[in-house]
Amino acid sequence: MKRMTMIEAIRSAHDVAMEKDEKVVVFGEDVGFFGGVFRCTAGLQEKYGKSRCFDTPISELGIVGTAVGMAAYGLKPVVEIQFADYFYPAYDQIASEAARLRHRSAGQFTCPLVIRMPTGGGIFGGQTHSQSPEALFTHVAGLKTVIPSNPKDAKGLLLAAIEDPDPVIFLEPKRLYNGPFDGHHDRPVTSWKKQEESDVDEGYYTIPLGKARIVQQGSDITILAYGTMVHVAQAATKQANIDAEIIDLRTLLPLDIKTIEKSVKKTGRCVVVHEATKTSGFGAELCAIVQELCFYHLEAPIARITGWDTPYPHAQEWDYFPGPKRLAKALLNTMETK
Amino acid sequence: MKRMTMIEAIRSAHDVAMEKDEKVVVFGEDVGFFGGVFRCTAGLQEKYGKSRCFDTPISELGIVGTAVGMAAYGLKPVVEIQFADYFYPAYDQIASEAARLRHRSAGQFTCPLVIRMPTGGGIFGGQTHSQSPEALFTHVAGLKTVIPSNPKDAKGLLLAAIEDPDPVIFLEPKRLYNGPFDGHHDRPVTSWKKQEESDVDEGYYTIPLGKARIVQQGSDITILAYGTMVHVAQAATKQANIDAEIIDLRTLLPLDIKTIEKSVKKTGRCVVVHEATKTSGFGAELCAIVQELCFYHLEAPIARITGWDTPYPHAQEWDYFPGPKRLAKALLNTMETK
Amino acid sequence: MSEPIKPLSLHVPEPGCRPGDEPDFSDFEIPKAGQTRMPEIDAEPQDMRDMAFSIIRVLNKRGEAVGPWAQYLDVDRLKQGLEHMMILRALDNRMMSAQRQGKTSFYLQSLGEEAVACASQMALQKGDMNFPTYRQAGLLIANDYPLEMMINQIYSNKEDPLKGRQLPVFYSAKEYGFFSISGNLGTQYSQAVGWAMASAISGDNKIASAWIGDGSTSESDFHAALVFASTYQAPVILNVVNNQWAISTFQGFASGNAPTFAARGHGFGIPSLLVDGNDYLAVYAVASWAAERARRGFGPCLIEHVTYRAGAHSSSDDPSAYRPAGEGAIWPLGDPIERLKNHLIALDAWSEERHEQKSAQVLDQVKQAQKASEAIGTLTSGAHASARNIFEDVYETMPPHLVKQRQEAGC
Amino acid sequence: MSEPIKPLSLHVPEPGCRPGDEPDFSDFEIPKAGQTRMPEIDAEPQDMRDMAFSIIRVLNKRGEAVGPWAQYLDVDRLKQGLEHMMILRALDNRMMSAQRQGKTSFYLQSLGEEAVACASQMALQKGDMNFPTYRQAGLLIANDYPLEMMINQIYSNKEDPLKGRQLPVFYSAKEYGFFSISGNLGTQYSQAVGWAMASAISGDNKIASAWIGDGSTSESDFHAALVFASTYQAPVILNVVNNQWAISTFQGFASGNAPTFAARGHGFGIPSLLVDGNDYLAVYAVASWAAERARRGFGPCLIEHVTYRAGAHSSSDDPSAYRPAGEGAIWPLGDPIERLKNHLIALDAWSEERHEQKSAQVLDQVKQAQKASEAIGTLTSGAHASARNIFEDVYETMPPHLVKQRQEAGC
Ligand SMILES: Cc1ncc(C[n+]2csc(CCOP(=O)(O)OP(=O)(O)O)c2C)c(N)n1
Ligand SMILES: Cc1ncc(C[n+]2csc(CCOP(=O)(O)OP(=O)(O)O)c2C)c(N)n1
Ligand SMILES: [Mg+2]
Ligand SMILES: [Mg+2]
């Protein structure tokens, strides 16, 4: 066990995966010599050589397109898109190619590929370093979508993603890289180094895709969250002084519907929270599923607390970010209803 | 008034728009000399000249990228993506650029741009000529998304889209180009030419974006549909012999929430139907909104009848397509619940 | 300059002739067969820039193989090549009819450009991988892929190896070095480069051969592929099939102001060759040269195959709306089957009679396959792969939500 | 060849030196100033391919302007140019400190490459439009955009013309011919071509000037822009600023096996020029030539500006992790300010003393602007545009769902 930041945990996942399986290759913009702008791949090139960890031209399309070809060859590419905001040029390769290769070739060709990208805001990155595009992946059949909320999960889920025989989108909440940010931007953040929960096994372990984690048990209301919002949910719960059950979804697709259903049937109330824009965000899917499965148990409408339907602003970051105050208000509101 | 197919109505919209405003320019793959693979722009190059209607290289990125520049210059580009399945290479220009230009430049630069694309299946087009990507646009703040279901609406909505000062995605259900297809693929389709409802004004008229149309009044259940599914809904209603209220949304964003809310509050039941894959489809957003606004009026969970979460198949097209049989079953099911 | 400035106007390219015009290729410059040089296999790209501007041709008007590139093939292989092209043409012919008869939804033929894929395949080895578009069926035929399997795919019948999922002609045949075809133009190009990089990373000797049409070179993947191929010196052949037309759009929209597509390679330091795509021997020679170069670690090559799409774009298209009907007949590089036939005759290894016999035999072979396939079923007759197949292979293991949907679908 | 085939291996480019190495540019070939020819303004692209391989330089080591390109600027404009570059450098300096002091979240400077944007802007006319990246602040300064407005944007304060929405230095200034900057690399390139096409469609005489970095040429928009510019002969200048580095990635990953970025134009029949980006006179001359060419309807040009990013990539970056610290100091094309200063001194129009005076004056000017701006506020002090601004300008008219969300946000 070693106390790791999320960056260190991700680096460690790469390391043990490359150690274990020489088919694992790692590349992306600034990923090789420098080790990534967030340093998630630092040291790998030195350790495993330039043909297993290398820099690329600045072409997200080229990164994913070549990775699809490599995966079809039999390698296991783990590539980085420098910020999730920059996945768009690669979308055709992701949605039309990686996601459908197994199906359209009736299993002749497969695409075991991991596409990592730092996601979310909270770092004053403005509209092109803050986006949360998860819903653009969950709508695409053939992809799996994962978002960890802490170092331990990050490593175990990333290793599971690398083992997975299909393409996995791995979204890393960049605001959590160094410490568990709960949305109180005016308070200092303590590093993961000071959190017990960030004791990470230095060896090889996986956390299965498709299994949610109950962050805290509760009986009044269920909060569905992932990534940074898991921590915001904890803060909001305290602030609202409510006995909430917080579920960290961890994998958005496949979704752990059973855990969700069980919880909402128990609490009878549900709030969904994410940073992405509201309309057609992943929260909509969660609402649709929950109302379908738990209709007769719901005592209040399911509320969505999300980013606004606008570009992510720079100076007004904290007016945009769905922080604990907004969430606490929604919790109390949902509790009061009916 | 003239009886027009949807293709003719769309062509007529281009014609009167170009006639009225010389800033309107029309381009895309095979759009110029040939008049488009679906002939929606036939005759325009001859009438308005090669610098107002022209063919392009096969680059959806280039089509939209140059259109953004032209719109910023002050022109009104109306461009065609040959099939909606091919918008992906242009997604960065659509989502990161067209959609955000006004906001990020604080109104200095704007992007009055219409991007037309044939959408949906039912023509044995396989996975790359059948997709319905509307939810990938509704999630992007700054875009409007429109889908007509008949020739009259197609023309009026397209003219409204061209007048609109912001970027509009205009999805044309290709299965409706020639006649109102209700999902009974085993029965002959009568041409629009034989339908009274396809009498189209030959002059200039608009149908405002953001206003739904009540296709038929009903008291038992509300069906939310758009595009081809409007016709499927009519067939399914007959088949199920139910007094359903069918709402043709026409514009997905901005959405006519008032009309939806009023209807569901009246009927107490709601079924949502679309061709796109289910997870994170636009139906999820509709469910989320309806359960929020009509929670206390709902007598049964809102059902979603959609394409499966798989690529769109070729030979099994009718197993994939959410036809009247599946919808009728869902209607009866939702009626029986509780 | 102090002349007054005139208002600008938009330049929009226009092909030489349109329906109603007399077809005319007099602007089209073609060097004589045998004139274009052959560089050393490891020549530096900058020392062979001329190769992008002068068409490599082997077969002259009299059917003789001449010049530095005329050196590779014996008569048996030539006959084999001729047969491949004849099979392809016969298959195209039958399938175009089958489509009109409603046995399938769609078809797309190689008419007039059969040599490009057929000859290129002969230059590859087992283990190499093609990343084709929809117009390279010749790769399969030249690699002895069973015709019946092709037709099963076209008919989406129960034996379709792709289980009815894909549009007709969107084959996939891993064992035959043929990558799954995508409907999205261009995407295979960067994938091919990645596959080739993977071979290099793995210390193997396999090479990739990527295919793209003239029109599709405008797509972004073309650029990404050239960038990555150049940077990592990937062992890949980047084929551009310039058949003069996209759908209704002539190649001038894609090439713009450039003299050739081959010239695109220069900005990337990629050796680029221009070849007479209707000259089986030239295509084979150039493909072999490029394959050898790649396999020996000298990096990628770009090959522009100059040919003509003699038929419609697809079964959904009618070219008489945008180009003169007689254009194909006067195409200056002729017909690939005729030219190889004449060569064999010039070598005294073939005759008109034998050719007719072969035609009949080939037609018979195709008919047999078609019959066998029709006995299984067509799109509209007989069963196809069941609805259950929609849900399979989306993932290796079907996740719960898909299991549920499959149940909902009643299968 | 019959030598045995060796296993392939992946070629991964590597810069000449890394931290710890002695910096070294001895491989970098530079022609003497004045040696590269000047083609006619309407020369055919194929007659000027050589221009993509030989750097156009005007200022020689002694500070004299020599050769065919040395003809455009009088002393007053030269002094103006020097001042622009000095202002830019002073601003960068102050803002880098301001960032470290927490007055803004981010900054990005032009250190070492000031001539590129400053001189290029002088070649444009009112009505023309630049489509810049984040490293062309020189365009604004050379066009007399108020410094205070720039700083207001950098500070996201209440007077920020972009209302706090954009990342610092992502300016937009329509009236100054400066298009809104996007964070997504490359997107502006095809937009610039579209803007230029619109000018041609409208029968106007405005031209566009597009900007991209060496690293970003790998993005798809670069390709789309070249295709469309070539096909429609759009009146656009396609600038590539080759400052040798992306972030930690040297230009060899983007250029691959190609000798220059300028060579990329050849595959599109676009005239392509290579210019010493640290030579104010050369940049101005080349930009004027290209602007004239475009404005007169002779179509697009590609210009590669050869320069060196002397500072960090941005305030978030530390280059000592990936390149030797001393590299900038020995960069063979020198410093643009020094070189123009020396030229003016050689012309007897300037002196070290006047230069120092000017430095002080310029610094004062920047400090004044900064002070004024700080009086309004910085990112962390004073008010910025209110939360209400998030919801405005998403659409021209706020749709109901946004009105509702704005109310929910309490504003
Ligand atoms: C991304 C994308 N855009 C558009 C199309 C529609 N389309 C199919 S084939 C074709 C023309 C391709 O021309 P070319 O590349 O020259 O190939 P050819 O058909 O001549 O072999 C077009 C525009 C597509 N399939 N994919
Ligand atoms: C689409 C996209 N991918 C990646 C990035 C991250 N990024 C920002 S700047 C940069 C390097 C750009 O290098 P270059 O084009 O040479 O410009 P320079 O910074 O040298 O001026 C990268 C990779 C981005 N902003 N956008
Ligand atoms: Mg073609
Ligand atoms: Mg750079």
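Quick note on labels: first sequence line is chain A, next is B, and so on, each numbered from 1. Computed over heavy atoms, backbone and side chain alike; hydrogens, waters and symmetry mates excluded. Predicted model, so just to flag it, every value in this text is computed and none were measured.
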Please flag which part of D:E219 lies under 4.5 Å from any non-hydrogen atom of chain C: side chain, backbone, both or neither. backbone

CD of C:E40: more than 12 outside heavy atoms within 6.0 angstrom? no

How close do D:G269 and C:N257 get, counting heavy atoms only, and between which atoms? O-ND2, 3.0 Å

Between D:L8 and C:A294, what is the shortest heavy-atom contact and its length? CD2-O, 3.5 Å

Which atoms of C:S202 approach chain D - backbone, side chain, both or neither, heavy atom under 4.5 Å: neither

Are any non-hydrogen side-chain atoms of D:F253 and C:Y232 less than 4.5 angstrom apart? yes

Treating C:S9 as the side-chain partner and D:A200 as the backbone partner, does any N or O pair qualify as donor plus acceptor under 3.5 Å? no

Could you check if a side-chain atom of C:V227 sits within less than 4.5 angstrom of a side-chain atom of D:R264, using non-hydrogen atoms only? yes

Nearest heavy-atom neighbours spanning C:K6 and D:N205: O-ND2, 2.9 Å

Compare every heavy atom of D:R295 with every heavy atom of C:I5, then report the nearest pair and how far apart it is. CG2-O, 3.7 Å

Under a 4.5 Å heavy-atom cutoff, which of D:L10, D:I270, D:T260 has the most pairs with chain C? D:L10

Is the shortest heavy-atom distance from the side chain of D:P7 to the side chain of C:D204 under 4.5 Å? no

Determine the option with the most heavy-atom pairs under 4.5 angstrom with chain C, choosing from D:G252, D:G267, D:S272. D:G267

Pair count under 4.5 Å, heavy atoms only, with chain D: among C:F53, C:F261, C:F228, highest is C:F53

In terms of heavy-atom pairs under 4.5 Å, which option from C:G297, C:G256, C:P13 contacts chain D the most? C:G256

Scanning both residues in full, the closest heavy-atom pair of C:A258 with D:S230 reads N-OG, 4.3 Å

Residue selection (most heavy-atom pairs with chain D, distance under 4.5 Å) from C:S255, C:S218, C:A262, C:A263: C:S218

Parallel, tilted or perpendicular, judged at 30° and 60°: which one describes the rings of D:F222 and C:H223? tilted

Residues, nucleotides or ligands: over 12 heavy atoms within 6.0 Å of D:E29 CD: no

Restricting to non-hydrogen atoms, name the atom on C:R49 and the atom on D:P259 that form the minimum distance, rounded to 0.1 Å. NH2-CG, 3.9 Å

